[in-house]
Amino acid sequence: MKKRIVYLILFFGFILLFFAVQKPCFMFYNDALGRGINASDMFQVIIHGLSLDAATAGYITAIPWLIILTSIWFKRFPLRGILAGYYILICLIITVIFIGDMCLYPFWNFKLDASVFLYLDSPKNATASVSTGFIVMRIVIILLLSGFSTWVAYKLTPCRLPEVKHKITGSFCTLLLGGILFIFIRGGITESTSNVGQVYFCDNEFLNHSAVNPAFSLLASISKTKNYSEEANYFTRAQCDTLFNGLYPTEGKNHVELLRTKRPNILIILLEGFGATMVESLGGVKGVSPNIDRLSQEGIWFTQCYANSFRTDRGTVCALSGYPSFPDVSVMKIPAKSRTLPSIAKELKNIGYRTDFIYGGDINFTNMKSYLLGTGYQQLTADVDFPLDQHQNAWGVNDDIVFDYLYHQLLQRKDSLWHTTFLTLSSHEPFKVPYHRIKDDRQNAFAYTDNCLGEFIDRIHKTPLWENLLVICLPDHGYYYPEEGHPHNQRVHHIPMLWLGGAISRPMEINTLMNQSDLPATLLGQLDIDHSAFRFSRNVVNDTYTYPFAYWTFGGGFAFSDSTGITLMDINANLPIIEEPSHNENRILRGKAIMQTSYDDLGER
C-alpha cells in the first residue's frame, strides 16, 4: 500500500513542479526583464499561482488515483503499462497549452482561453502573423518537452504493484487521499471554488497573468466562452443600429449640478441585495430600513433606479463598469472580457485617485478579484484580512465589523484623493446576524445592515472627512420579497440609490427612470470626466437624456420599462411574459436591440 501512496504523491508533485517551472519561462519569454520584473516578483508569481497549479495537478492525478483504487483488488497490477498511454496524452496536452499560451501572449495580452477554438476553423489566417520557422521551432519544443515529461512520469511509476493484504483498509486510505485531492481541485473548503481570479495578487496585470495556470484557464473558460456576437441576432446590423442609436447618449450638459466640488473623495457602498422591497419610502416593507428612509431626506435620492441583473457578480459589473447584464453570461467570471471593461475606479485612478475595495467575504468568489484588479482597484481587503474570530457569518465578516474597519481606515487618510468601494454581505442568506429587532429573519438581516449604515454615516458625518466626501449607496441587485408575482418584475428590480456627504450641492429627489449601470456616466459627468468609454451608461441629469427607460435581464429573458409601461420577454419562446398596461411593440424592439448590441460588444472584447 505504501508503494501506491508514494507513487500518487510523487506524480502529483511532479505535475505541480512542471507547472511551477512554467511561470519563470513564461515571464522570461514575454520580456520579464524589459518589464522590470525581478526575482522577488517571480517568486511571488510562483507562490500565488500554486493554488491553481495544485487544482490542475489534482485533475490530472484523478485518473491515476482511480486506477490505484482499482489496483487494490488485484494480485499483481501492471501500473506502468496501463498508464503509459495516459502519460503520453496528458503530457502532450499540457505542453501544447503551455507553449501556446506563452507564444500567443505577446499577440493577445491575455491568458489562453477557449476563444482560441474560434480561430481553429481558419488556421491559415490564425498563423498569418508568424513565419514557418517560428511554427516549426515551437512544434519541436513541444515534442521534446512533452517527451521528456512523459519519460519522467513513466520512470516515477512502479512497473508492477504487489497485492494488498488488507484490501478494505487500503481502499479506505486511498479514498482518504481522494478526498484530499478533491480539496486541491475545489480550491479549499470555503464558499468559493477554484477560479482564475484567486491567484491575482497585485495591480500589475502581467504578474497576475503569469500566476494563472494556462491549462486551468483554458478548461475553466470552455463552458463560458462562445461566439457572443452570434447571440441574439434579431436584426440586420443597420436595423439594430437604427433601434439602438440614441438610447445611450454620451454627450451633452448637466441640467443640474449635484456636487459642489469636482474632486471629492468618493465612497461607494454596494448594499447586498437591498432592493426597494425592503425600503418603506419606495413601497417596501414597513420599518425595515428607517436609516435609509431618514438619510434619503438629507441627500440626493434617486427614486426610480432599477438593477440590471439579479446576482452580485453581475450587478457589481453593471454598477462599477456601467456595463449591461446578460441572460446567460456573468462577465465577471470571464477575466479575458472583464479586464477590458471601463470602470469608475480606472477613470479615477487615471487622474490621481488612490483606489481600494473592501469586502468582508471571499473576494475570490466568481472571479471578483481578477475583475477588481483588472479595472483599477489598487488595494483589496477581504475576509482573510480579518481575525478568524470575526468570521461569524456564513459568508465571512459581518457588516458592523467591516463598517467599523472602514471608518477607522478613512480616518487615517490625510492626503491624496481616494475612492473606496465597500460591498456589504450580511443581508444575504442564511440571514443570521447579531441583531434582533424584527422577528422575520430576512427583514431583520436587512434591518441590521440598515442600522450599520446609519451608524457609520452618523459617525463619519462628525469628522472633517465629511466636508469633501461623497457617499453613494447603491444595491448590487434587488430582492424578491414577499415572494409573489414574477421574480424579475419591476417591483423586484427596483432599488434605491442615495448620494450623501458634504460634497453634494443640496438635498433633492430625482425621479428619472434609470438603471444602476447609469451610475458611472452620471458620477463622471458631475466630475467633468469624459465617460464616452461607458457605452451603456447614461448621465441621467444630462440634457441629452430625453428617453428615460430601464432595461434588465434574467435567466431566459429581458425586461424593458419606459413611460408607456413594462414588458418582460421570454427570449426562448420569443413571447412576452408580462405586458403592462398593454402590448407595446416598441418596448420589445428596443429591448432586443439592446441585447443584440450588448452581445456584439461582448464578442468584440
Side-chain angles (χ1 to χ4, degrees), residues 19 23 26 44-56 58-59 101 105 108-115 184-225 270 309 311-321 323 329-343 345-346 355-385 395-396 421 423 425 476 602 605:
F19 288 142
K23 289 172 172 51
F26 174 89
Q44 289 292 319
V45 165
I46 293 171
I47 293 300
H48 284 89
L50 277 177
S51 61
L52 274 193
D53 291 342
T56 313
Y59 279 113
D101 173 63
Y105 189 82
W108 291 4
N109 286 310
F110 62 85
K111 294 296 282 186
L112 190 69
D113 63 21
S115 61
F184 279 121
I185 291 171
R186 191 184 183 279
I189 57 175
T190 59
E191 292 287 345
S192 66
T193 55
S194 294
N195 62 76
V196 169
Q198 75 188 45
V199 301
Y200 282 40
F201 66 98
C202 64
D203 59 2
N204 184 314
E205 187 175 64
F206 177 70
L207 293 179
N208 290 332
H209 287 172
S210 299
V212 174
N213 184 290
F216 187 95
S217 175
L218 178 61
L219 292 172
S221 66
I222 286 176
S223 63
K224 303 169 187 170
T225 301
L270 293 177
S309 193
R311 292 289 300 272
T312 298
D313 54 313
R314 302 179 186 215
T316 300
V317 171
C318 296
L320 301 182
S321 290
Y323 204 62
V329 181
S330 171
V331 183
M332 182 181 281
K333 294 181 180 180
I334 314 174
K337 301 289 186 182
S338 68
R339 62 181 282 275
T340 69
L341 297 178
S343 74
K346 190 180 293 183
T355 61
D356 71 302
F357 189 96
I358 298 174
Y359 177 47
D362 184 355
I363 211 160
N364 291 317
F365 197 52
T366 64
N367 272 315
M368 183 186 292
K369 190 176 182 182
S370 66
Y371 165 72
L372 295 172
L373 289 173
T375 53
Y377 286 98
Q378 297 164 299
Q379 182 178 342
L380 308 180
T381 301
D383 55 354
V384 294
D385 299 301
W395 289 91
T421 295
L423 171 60
L425 60 70
D476 52 352
L602 184 62
R605 290 186 178 274

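- Taking the side chain as every heavy atom from C-beta outward, Lys369 and Leu380 approach each other to under 4.5 Å.
- Remark: the backbone N or O of Leu341 is paired with a side-chain donor or acceptor of Lys346 at under 3.5 angstrom.
- Evaluation of the salt bridge (charged side-chain N to carboxylate O under 4.0 Å, His left out) rule for Lys23 yields Asp53 as partners, not counting sequence neighbours.
- Open room surrounds CZ on Phe184; 12 or fewer heavy atoms of other groups in view lie less than 6.0 Å from it.
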### Task
Starting from the C-alpha separation in whole Å, work towards a yes-or-no answer on side chain to side chain contact (heavy atoms under 4.5 Å, CB included) for Phe19 and Leu50.
CA-CA 9 Å; Phe19 288 142; Leu50 277 177; over 6 Å; no
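- Between Ser309 and Gly315, the shortest heavy-atom contact is CB-N, 4.4 Å.
- Remark: the backbone N or O of Val45 is not paired with any side-chain donor or acceptor of Ser210 at under 3.5 angstrom.
- Applying the side chain to side chain contact (heavy atoms under 4.5 Å, CB included) test between Met332 and each of Thr366, Thr375, Thr312 identifies Thr366 as the sole match.
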### Query
Passes side chain to side chain contact (heavy atoms under 4.5 Å, CB included), His209 versus Arg339? Steps please.
CA-CA 11 Å; His209 287 172; Arg339 62 181 282 275; 3.8 Å; yes
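- The CZ atom of Arg311 sits 10.5 Å away from atom CG of Asp476, with the distance rounded to the nearest 0.5 Å.
- Considering only heavy atoms from C-beta on, Ser194 comes within 4.5 Å of Leu52 through its side chain.
- Gln378 places a side-chain N or O within donor-acceptor distance of the main-chain N or O of Thr355, the cut-off being under 3.5 Å.
- Without hydrogens or angle criteria, Asn367 side chain to Gly197 main chain gives a donor-acceptor distance under 3.5 Å.
- The aromatic rings of Tyr105 and Phe26 sit perpendicular to each other, their planes meeting at more than 60°, with 30° as the lower class boundary.
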### Message
For Phe201 and Ile47: C-alpha separation, side-chain torsions, deciding distance, then whether side chain to side chain contact (heavy atoms under 4.5 Å, CB included) applies.
### Response
CA-CA 10 Å; Phe201 66 98; Ile47 293 300; over 6 Å; no
#### Entry: Step-by-step side chain to side chain contact (heavy atoms under 4.5 Å, CB included) determination, Asp313 to Met368
CA-CA 7 Å; Asp313 54 313; Met368 183 186 292; over 6 Å; no
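- Using modelled atom types, no side-chain atom of Lys337 and backbone atom of Val331 make a donor-acceptor pair closer than 3.5 Å.
- Between Leu320 and Tyr377 the shortest side-chain heavy-atom distance falls below 4.5 Å.
- Note that the OG1 atom of Thr421 and the CD1 atom of Ile358 stand 9.0 Å from one another [nearest 0.5 Å].
- To the nearest 0.5 angstrom, Gln379 atom CD is 12.5 Å from Leu372 atom CG.
- Under the salt bridge (charged side-chain N to carboxylate O under 4.0 Å, His left out) criterion, Asp101 pairs with Lys111, sequence neighbours left out.
- When all heavy atoms of Val199 and Gly49 are compared, the closest pair comes out as CG1-CA, 4.0 Å.
- Residues satisfying the side chain to side chain contact (heavy atoms under 4.5 Å, CB included) test with Phe365, not counting sequence neighbours, are Ser192, Trp395.
- The closest side-chain heavy-atom distance from Cys202 to Leu373 is not below 4.5 Å.
- Side chain to side chain, Tyr371 and Ser321 meet the donor-acceptor criterion of an N or O pair below 3.5 Å.
- Summarising the geometry, atom CG belonging to Leu219 is positioned 7.5 Å from atom OG1 belonging to Thr56; distances are rounded to the nearest 0.5 Å.
- The shortest side-chain heavy-atom distance between Asn364 and Tyr200 does not fall under the 4.5 Å cut-off.
- The two atoms that bring Ile363 and Phe357 nearest to each other are CD1-CD2, 4.0 Å, heavy atoms only.
- Judged by distance alone, the side chains of Arg605 and Thr340 do bring a donor and an acceptor atom under 3.5 Å apart.
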